[in-house]
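Quick notes on the structure that follows.
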Amino acid sequence: MSKLRVRFAPSPTGNVHIGNIRVAIFNWLFARNQNGEFLLRVEDTDRERSTESAVEALLDVMDWLGLDHDGEILYQSSRLDDHRAAAESLVNSGCAIRKHSKDSGGQPVIFLLPYECSKIPFVRTKGEAGLAAAPGKEISITRSGAKFSCIENGKEIEKSCSLAGLYRLRILGRDGETLFDLDKRIASMSPADEIKISGAQRIEYVSREVFYHDHVKGELAKPLDSMKDFVIVRSDGSPVFHLANVCDDIAQDINFIVRGDDHVENTFRHVFLFHALGHQPPRYAHLPMIVNQAGKPYSKRDGDAYVGDFRKKGFLPQALFNHLALLGWSPGDDREKMGRDEMAGAFSLERVKSSPGKFDIQKLISMNGLYIAEMPPDAFAKLAIEFTSEWPEGKPSPDEFAKIAALMQSRTKTLAQAAEWKYFFHAPHEINPKDLEKALSRPGSRDALLSFAGSLATLDVSDKAIIEAQIRASEGSSGLQKGGLNPALRLLLTGAKSGPPIEDIIHILGAEKSAERIKPRRPVAATKKNDHRAAEFLNKYS
RNA sequence: GUCCCCAUCGUCUAGAGGCCUAGGACACUAGGUUUUCAUCCUAGUAACCGGGGUUCGAAUCCCCGUGGGGACGCCA
């Protein structure tokens, strides 16, 4: 077998979303596993919607995730001439026609599914088909398709399909006489011809289907009589996706296409295109889609599904990569947290599921926490500090920040949580009076607090054990239980109800700042009527 | 409407006819450790969509329902 060549071929018409990038991840894993090549093609032919910034965003995101591609990027827009030439050759070889158009505009080029398929390996005959024609309905036949009505299960159904779907079509009248025989007419039909037949009773033809082996879904087949000929060049002369996509896959020598589920139906058409262009179709694998919490597919409209947003929310690329790879694939054992290379080593298409998966943000968060936990502290601090840029006072000093980061790392699931560490640098804006009242409600609390605040002036805060001992001492002398002072101290110091050990906080804050925060002061305004009592209490707690 | 695909705990998944009393992970609950929180440890709740077959035996194979998704563009 020749070297595996796969590609990721996004259209840059908006920010890349996670469903999109997951396709890239699977292609990358597959290529790396097989020692193949992973190519990138930007399908930017939709000029109206493609933007340069979207291309930049795409490249940026791929770089962030470590999805390195082989070779140069192919921009589809640069291959217009080749696409047109391909269309021209298809017209010349009779595989496509220029549609006759009454409008003054140009003529679109329509690819005709081949009528004679005996030498095409991916088409097979299923058998004779017979349909009852709907009475009184006219049948219309042109080179690019037939339209007719028939009766199925007592219901009248309108059908239209390519002539290739109606192999050896015969239309029979009331007395069984042949009104039309496609075999005799097809060779002489010109694109402008339209044949109308009335009085049909019965429609008979040979039913065939196109099939291919999908490396995820197994064998897939589609009856030709459910397919239509399709436009490959628009009336304005621009090539349609199907043509451009196939031409570029040929140009890039792609021999395995791994893409989203939504292309399954396109593949039935693309294999004909490959064949008509003189090439063997590549192999295919279609990945199941991923859906959002509501069970609906992600679309570019899903505001929260952009890959860039995950970065902004403080997710690590390793975690997102890992989590996305595990959506629809598993190594087959109980491994879940796996690095890129480990996953590439274990990857196989056979182990890709064929059912859609729901994206679970909780699991991503958990995995992100795992990756954060194993980071070297300085690396963690360096990444986390970026998330303090929203602070009005500006980013803290890296050295100070690193101490806090080390303290918080095991408590952190996403880097964005670093924005909440503000209290280490600035006194908390507000303390919930109710919480404080509760924290101070035990008898002796106030005395213990004052005692500890007073001791801070002479306390050696460079030693956490000393700080802790002093807290215990203040508790003891005021008749408070061990740890009874913690809630109040924490609240006054940080404004939060939970967090790292008090002594760690005081150690970092220093004696002066700590005393400042604990000291009775700070009137707290009652914001609600029922907070009034608590506010009163606080204001006079000295 | 037509065609195609899919279906195991709430979620991601393991499962290739007997290793299944259906395993793991996230989430959740309880307990332990940490005088809070987090980490860590232990335990628990929780699933084969329904109905028919095939078979000595079905989560696994077949059929029919049901539910979900996709495709039917001169979008990609």
Side-chain angles (χ1 to χ4, degrees), chain A residues 9-13 43-46 48-50 76 99 101 105-110 152 155 157-161 209 214 216-218 220-223 225-228 230-242 244-245 259-269 286 288-291 293 295-297 300 323 326-337 350-351 353-367 369-370 373 407-413 417 468 471-472 475 481-487 489-491 494 496-502:
Chain A
S11 54
T13 55
E43 303 209 331
D44 55 349
T45 45
D46 187 352
E48 310 243 313
R49 297 197 294 150
S50 299
Q76 188 160 68
K99 190 179 187 180
S101 169
Q107 299 169 315
V109 177
I110 297 178
E152 265 177 25
K155 272 188 293 186
I157 292 167
E158 212 171 292
K159 287 198 172 190
S160 73
C161 72
E209 66 183 8
D214 188 289
V216 167
K217 293 174 178 292
L220 262 20
K222 190 177 175 68
D225 60 4
S226 69
M227 293 178 70
K228 290 177 189 170
F230 52 97
V231 174
I232 52 175
V233 179
R234 301 183 188 92
S235 10
D236 68 1
S238 61
V240 170
F241 159 74
H242 303 295
N245 189 260
R259 61 188 357 172
D261 223 347
D262 47 340
H263 285 292
V264 163
E265 306 269 329
N266 287 335
T267 302
F268 292 118
R269 308 200 261 200
H286 287 97
M289 310 294 279
I290 59 180
V291 297
Q293 295 294 311
K296 298 290 172 193
K300 287 178 180 169
H323 184 251
L326 249 25
L327 246 181
W329 173 80
S330 76
D333 47 40
D334 286 340
R335 280 181 294 172
E336 289 205 336
K337 183 170 165 293
E350 285 66 41
R351 296 207 52 84
K353 296 245 302 180
S354 54
S355 55
K358 201 175 280 187
F359 185 84
D360 183 10
I361 190 79
Q362 278 304 332
K363 193 146 183 171
L364 206 214
I365 290 171
S366 164
M367 183 159 285
L370 258 31
L407 189 59
M408 299 305 282
Q409 189 164 355
S410 75
R411 276 162 254 266
T412 306
K413 298 286 188 190
Q417 288 173 322
E468 199 194 338
I471 296 173
R472 299 299 152 247
E475 283 165 350
Q481 278 188 330
K482 256 166 99 184
L485 190 55
N486 279 346
L489 267 179
R490 179 181 303 285
L491 214 46
T494 71
K497 287 199 268 190
S498 62
I502 304 286

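Chain A is the first sequence line, chain B the second, and so forth, proteins listed ahead of strands; every chain is numbered from 1.
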Is there a side-chain contact between [X] and [Y], using heavy atoms and a 4.5 Å cut-off?
X: Asp261(A); Y: Val216(A); value: no
X: Ser330(A); Y: Arg351(A); value: yes
X: Glu336(A); Y: Leu370(A); value: no

Could you work out the separation of [N] and [M] based on their [atom1] atoms and round it to a whole Å?
N: rA14(B); M: rU8(B); atom1: C1'; result: 10 Å
N: rC48(B); M: rG32(B); atom1: C1'; result: 35 Å
N: rG50(B); M: rG10(B); atom1: P; result: 13 Å
N: rA22(B); M: rG15(B); atom1: C1'; result: 8 Å
N: rA38(B); M: rA30(B); atom1: P; result: 12 Å
N: rG1(B); M: rC61(B); atom1: C1'; result: 32 Å
N: rG67(B); M: rC49(B); atom1: C1'; result: 8 Å
N: rU60(B); M: rC4(B); atom1: P; result: 23 Å

For the pair made of [atom1] in [X] and [atom2] in [N], what is the distance, rounded to whole Å?
X: Ile157(A); N: rU2(B); atom1: CD1; atom2: P; value: 6 Å
X: Gln107(A); N: rC74(B); atom1: CD; atom2: P; value: 16 Å
X: Gln417(A); N: rU39(B); atom1: CD; atom2: C1'; value: 14 Å
X: Lys363(A); N: rC9(B); atom1: NZ; atom2: P; value: 14 Å
X: Lys222(A); N: rU2(B); atom1: NZ; atom2: C1'; value: 8 Å
X: Met367(A); N: rA25(B); atom1: CE; atom2: C1'; value: 8 Å
X: His286(A); N: rC4(B); atom1: NE2; atom2: C1'; value: 12 Å
X: Lys353(A); N: rA16(B); atom1: NZ; atom2: P; value: 14 Å

Query raised in the report: Looking only at atom types and distance, does a side-chain atom of Arg490(A) sit under 3.5 Å from a main-chain N or O of Pro501(A), one as donor and one as acceptor?
Result: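 No: the side chain of Arg490(A) does not pair with the backbone of Pro501(A).
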Query raised in the report: So, the side chain of Thr412(A) versus the backbone of Met408(A): is there a donor-acceptor pair under 3.5 Å, distance only?
Result: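 Checked: pair present.
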Taking atom types as they are modelled, would you say the side chain of [X] forms a donor-acceptor pair with the base of [N] within the 3.5 Å cutoff?
X: Asn266(A); N: rA76(B); result: yes
X: Arg472(A); N: rU35(B); result: yes
X: Glu336(A); N: rG24(B); result: yes

Mind checking who [N] pairs with, Watson-Crick or G-U wobble, both distances under 3.5 Å?
N: rU60(B); answer: none
N: rU54(B); answer: none
N: rC49(B); answer: rG65(B)
N: rU2(B); answer: rA71(B)
N: rG17(B); answer: none

At under 4.0 Å, does any side-chain N or O of [X] touch on OP1 or OP2 of [N]?
X: Ser235(A); N: rC74(B); answer: no
X: Arg351(A); N: rG15(B); answer: yes
X: Arg335(A); N: rA14(B); answer: no
X: Lys413(A); N: rU39(B); answer: yes

Query raised in the report: Below 4.0 angstrom, N of the basic side chain to O of the carboxylate: do Asp333(A) and Arg335(A) qualify?
Result: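 Yes, this pair counts.
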Query - N-O pairing of Asp225(A) and Lys159(A) below 4.0 Å - result: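 Salt bridge: no.
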Kindly point out which of [options] is positioned nearest to the side chain of [X]?
X: Ser355(A); options: rU36(B), rC12(B), rC6(B); result: rC6(B)
X: Asp360(A); options: rU35(B), rA76(B), rC26(B); result: rC26(B)
X: Glu43(A); options: rG73(B), rA76(B), rU36(B); result: rA76(B)
X: Glu265(A); options: rC72(B), rA76(B), rC3(B); result: rC3(B)
X: Ser330(A); options: rG70(B), rU13(B), rC6(B); result: rU13(B)

Report task. Starting from the 5' end of RNA chain B, give me the residue, Trp329(A) or Ala221(A), whose nearest nucleotide shows up first. Result ->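 Between the two, 5'-proximity favours Ala221(A).
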Requested in this report: For Gln362(A) and for Leu327(A), find the nucleotide of RNA chain B with the closest heavy atom, then tell me which residue's nucleotide is more 5'.
Outcome: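 Comparing both residues, the 5'-ward one is Leu327(A).
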Requested in this report: Name the nucleic acid region contacted by Pro501(A), choosing base, sugar-phosphate or nothing; use a 4.0 angstrom heavy-atom cut-off, strictly under.
Outcome: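 Base contact.
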Report task. Mind checking Pro487(A) for me? I need base, sugar-phosphate or nothing, with any heavy atom below 4.0 Å counting as a touch. Result ->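 Since no nucleic acid heavy atom lies under 4.0 Å of Pro487(A), the category is nothing.
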Query raised in the report: Looking at Asn266(A) and Phe241(A), what are the two nearest heavy atoms and their distance?
Result: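 Scanning both residues completely, I find the closest heavy atoms to be ND2-CE2, 3.8 Å.
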